S.K.: 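One structure, pasted below without further comment.
Computed from a predicted structure; not experimentally measured. Residue indices begin at 1 and follow the sequence shown.
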Amino acid sequence: MVAAMQLDLAAITAPAVGLFETELDAANAVLADWGHYLGINTRPFGAQAWRLDVAGEPISIAVSASTVSSTVAGYGRGQVVELARLCTRPDSRWATRVMLRLWREIGAPAWPYWPAVAAVAYSDNARHPGNIYRFDGWTRITETAGSSGGGTWSTRRDAEHPARGAKSLWLWEYPTTAQLDHPIRDAAA
């Protein structure tokens, strides 16, 4: 059993909790330190990293990335952002759901490369059933997503590679502008 994180609130000089954009190299160092099963993010295209801090210490990392495939869940690459890594410090597993929600509501919409109308994430079926996404309201598109590598930028994956095997593809669709309540637009109507 891991002991809960003890906070000395009197010693905190920054916000007690905060979500911060962080450098990809710094996020990769944390992913390596915490032993994410896929390792660091090495995709050679767009990426953005987010860090959740408690008492000035990182407790969770989320890495947004351009999708590998040119289309996913019926969307083109220039319409979606992928949650390529989600990793929480081993003694703070409670923060995984918090970070997923913050990434979905703040990180993904802040994607700097194009406006994302949807977010996607993959979960390894052999590792977990994807409840973290299901309970957050995501839609499972398929349970047979994934590849064995060897596409445009990746090398072939052998049977022992951590990214090989069946994955579930999860989708979060953002409301279109027409679907949102917009006080200024609605007042002008």
Side-chain angles (χ1 to χ4, degrees), residues 18-54 57-73 75-90 92-93 95-128 130 132-133 136 138 141 145-158 160-172 174:
L19 179 70
F20 305 94
E21 185 175 2
T22 191
E23 294 295 323
L24 184 59
D25 288 344
N28 277 335
V30 172
L31 290 169
D33 186 48
W34 292 344
H36 191 279
Y37 80 103
L38 290 175
I40 65 171
N41 180 65
T42 60
R43 294 182 186 184
F45 34 77
Q48 181 182 34
W50 295 90
R51 183 186 80 242
L52 177 61
D53 286 3
V54 172
E57 294 293 322
I59 63 165
S60 195
I61 294 288
V63 177
S64 314
S66 174
T67 61
V68 174
S69 177
S70 61
T71 60
V72 62
Y75 291 98
R77 180 182 290 129
Q79 297 177 290
V80 299
V81 59
E82 180 181 337
L83 178 57
R85 299 289 187 277
L86 176 61
C87 187
T88 301
R89 195 170 74 188
S92 300
R93 294 286 181 215
T96 301
R97 187 177 311 272
V98 174
M99 184 56 150
L100 176 62
R101 179 69 57 91
L102 288 169
W103 180 83
R104 187 192 83 193
E105 293 297 321
I106 297 168
W111 181 240
Y113 298 93
W114 50 78
V117 297
V120 295
Y122 294 87
S123 63
D124 185 334
N125 296 339
R127 292 179 58 84
H128 62 84
I132 189 80
Y133 301 103
D136 195 50
W138 294 59
I141 301 300
S147 78
S148 56
T152 305
W153 71 272
S154 64
T155 57
R156 271 240 170 267
R157 299 179 184 133
D158 64 27
E160 303 304 313
H161 192 282
R164 180 138 184 167
K167 293 166 199 60
S168 289
L169 170 62
W170 297 92
L171 174 70
W172 181 268
Y174 293 99

S.K.: Which value, rounded to the nearest 0.5 Å, describes the distance between Leu24 atom CG and Thr42 atom OG1?
M.R.: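 Answer rounded to 0.5 Å: 9.5 Å.
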S.K.: Show your reasoning for whether side-chain contact (heavy atoms from CB on, under 4.5 Å) applies to Met99 and Leu19.
M.R.: CA-CA 9 Å; Met99 184 56 150; Leu19 179 70; 3.8 Å; yes
S.K.: Tell me, do Tyr122 and Val72 make a side-chain contact under 4.5 Å, heavy atoms counted?
M.R.: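 Tyr122 reaches Val72 side chain to side chain.
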S.K.: How long is the straight-line distance from OG1 of Thr22 back to CD of Gln48, given to the nearest 0.5 Å?
M.R.: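 Rounded to the nearest 0.5 Å, the CD-OG1 separation comes to 11.0 Å.
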S.K.: Working to the nearest 0.5 Å, report the span between SG of Cys87 and CG of Asp33.
M.R.: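 Separation between the atoms: 9.5 Å.
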S.K.: Kindly indicate whether the side chain of Arg43, heavy atoms from C-beta on, has any atom under 4.5 Å from the side chain of Ser66.
M.R.: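 With C-beta onward as the side chain, the pair stays apart.
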S.K.: Enumerate the salt bridge (Lys or Arg N to Asp or Glu O under 4.0 Å) contacts for residues 97-119, please, sequence neighbours excluded, ordered by first and then second residue.
M.R.: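 Counting only pairs at least two positions apart or across chains, the salt bridge (Lys or Arg N to Asp or Glu O under 4.0 Å) contacts touching residues 97-119 are Arg101-Asp136, Arg104-Asp136.
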S.K.: Distance-only, no hydrogens or angles: does the Arg51 side chain make a donor-acceptor pair with backbone N or O of Ala27 under 3.5 Å?
M.R.: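 No, because the side chain of Arg51 does not come within donor-acceptor range (under 3.5 Å) of the backbone of Ala27.
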S.K.: If you look at every heavy atom in Tyr174 and Pro109, which pair is closest and at what distance?
M.R.: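 So the two residues come closest at OH-CD, 3.7 Å.
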S.K.: With a 4.5 Å cut-off on side-chain heavy atoms, are Leu31 and Val63 touching?
M.R.: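 They are in side-chain contact.
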S.K.: Rounded to the nearest 0.5 Å, how far does CH2 of Trp34 lie from CZ of Arg85?
M.R.: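 Answer for the CZ-CH2 pair, Arg85 versus Trp34, is 14.5 Å.
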S.K.: If the plane angle is over 60° it's perpendicular, under 30° parallel, otherwise tilted; pick one for Trp138 and Trp172.
M.R.: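 Aromatic pair Trp138/Trp172 classed tilted.
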S.K.: Going by heavy atoms in the side chains, are Trp170 and Leu83 under 4.5 Å from each other?
M.R.: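 Side chain of Trp170 against side chain of Leu83, heavy atoms only: no contact under 4.5 Å found.
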S.K.: Considering residues, nucleotides and ligands other than Glu21, do more than 12 of their heavy atoms fall under 6.0 Å from its CD?
M.R.: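 Result for CD/Glu21: enclosed.
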S.K.: What distance separates Thr88 OG1 from Ile132 CD1, expressed to the nearest 0.5 Å?
M.R.: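 Rounded to the nearest 0.5 Å, the OG1-CD1 separation comes to 8.0 Å.
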S.K.: So do Thr67 and Tyr75 actually touch side chain to side chain, heavy atoms under 4.5 Å?
M.R.: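 No, every pair of side-chain atoms sits at 4.5 Å or beyond.
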S.K.: Using the rule given for side-chain contact (heavy atoms from CB on, under 4.5 Å), can you reason through Val80 versus Trp111, listing the C-alpha separation, both sets of side-chain angles and the distance that settles it, and then say yes or no?
M.R.: CA-CA 9 Å; Val80 299; Trp111 181 240; over 6 Å; no
S.K.: Working to the nearest 0.5 angstrom, can you tell me the gap between Leu169 CG and Tyr133 OH?
M.R.: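 So the gap between those two atoms works out to 10.5 Å.
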S.K.: Give the C-alpha distance, both sets of side-chain angles, the deciding distance and a yes or no for side-chain contact (heavy atoms from CB on, under 4.5 Å) between Ser60 and Leu86.
M.R.: CA-CA 7 Å; Ser60 195; Leu86 176 61; 4.3 Å; yes
